[in-house]
Amino acid sequence: MIVCANFKANKTRQETQAYMAVVESFVSANGISDTVIVFPPFTALEHYGRNVLVGVQNAYPVQNGAFTGEIALEQLEEFGIETILIGHSERRHILGETQESIAEKFRFFAERGFAIVYCVGEPLEVREEGNDALMEYIDKQFEGIDLKYPDLIIAYEPVWAIGTGLTPSLRDIELIHGALRAKTSAPLLYGGSVKVDNAREIMALDNVEGVLVGSGALSASDFCSMIEQASELNTKKGE
Ligand code: 13P
């Protein structure tokens, strides 16, 4: 299982340090073998422990240069960052990233061997048009993306489920993940209003190999509970 926390623009450097200390020691004390990734804000990057991977929520696809307000490969290398989130709906819809720029970012970081958590997901009006329209929409989000990239993880995050407390039914998650599985052998995460209370049943579904959690992971102890659930399920699913 792969359990990820996306902090978005939450937590200070100090808060992140305290959070990482809790999660690091939980993972180590419980011998967790699942992959745990935290995506903190840039200002909180540093070399943390060995048990929890740290990734970035974004970066500009260049070594360095005149790109005001961005950070690039050179700044990631300083902290040994080799994991990046690409295609998140907030970057697509709020920050205006186009599929073309997303694909360019994907190519750049794939060529440098990064682990890429690539996000896809439909807005509500598309979901309301039915499953064919939904899969067509997601197919467009795969334009320019190498679905055979070995270090690819895909996160299905319906836009209408992010930060709203709403989630698709378990059956719908399984349906979409089944359709995604037909396209790629990359691990598939679900994201969108995952909390301690629903993480277990979501991770237990077929073709769900983990979760990408926003607000529900801001508490370190809640995130640890979800890691524990993943590790228990891992044993069951592997039987
Ligand atoms: P929430 O868990 O807050 O709905 O956010 C999900 C998300 O966008 C993770 O990347």
For this session: Please lay out, stage by stage, how Lys8 and Ser215 fare under the test side chain to side chain donor-acceptor pair (under 3.5 Å).
Result: CA-CA 9 Å; Lys8 310 188 180 185; Ser215 47; over 6 Å; no

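The distance from atom CD1 of Ile145 to atom CD1 of Ile116, rounded to the nearest 0.5 Å, is 8.0 Å. A distance of 6.5 Å separates OG in Ser193 from CG in Leu166, rounded to the nearest 0.5 Å. Here His88 contributes atom NE2 and Ile94 contributes atom CD1; the two are 9.0 Å apart, rounded to the nearest 0.5 Å. In this structure, the separation between CZ on Phe39 and OG1 on Thr83 is 6.5 Å, given to the nearest 0.5 Å. To the nearest 0.5 Å, atoms CD1 (Ile154) and SG (Cys119) are separated by 9.5 Å.
For the pair Asp206 and Arg181, the salt-bridge criterion is not met [side-chain N within less than 4.0 Å of a carboxylate O]. The pair Arg127-Asp172 meets the salt-bridge criterion, since a charged nitrogen lies less than 4.0 angstrom from a carboxylate oxygen.
Looking at Glu122 and Trp160, their side chains do bring a donor and an acceptor atom within 3.5 Å of each other. A donor-acceptor contact closer than 3.5 angstrom is absent between the side chains of Ser28 and Ser25. Between Gln99 and Arg92, the side chains place a donor N or O and an acceptor N or O closer than 3.5 Å (distance only, hydrogens not considered).
In this structure, Lys11 forms a cation-pi arrangement with Phe7, its terminal cationic atom sitting closer than 6.0 Å to the ring centre and no more than 45° off the ring axis. A cation-pi geometry, defined here as NZ or CZ lying under 6.0 Å from the six-membered ring centre and within 45° of its normal, holds between Arg112 and Phe108.
Across all their heavy atoms, Phe114 and Tyr149 have their closest contact at O-OH, 2.6 Å. When every heavy atom of Leu134 is checked against every heavy atom of Val126, the shortest pair comes out as CA-CG1, 3.8 Å.
Residues near Leu175 contribute nothing to a hydrophobic cluster around it, because no ILVMFWY side-chain heavy atom sits closer than 4.5 Å to its side chain.
With sequence neighbours excluded, the residues that form a salt bridge (Lys or Arg N to Asp or Glu O under 4.0 Å) with Glu232 are Arg200. With sequence neighbours left out, Lys105 forms a salt bridge (Lys or Arg N to Asp or Glu O under 4.0 Å) with Glu97.
Around the CD atom of Glu15, the shell of radius 6.0 Å holds more than 12 heavy atoms that belong to other residues, nucleotides or ligands.
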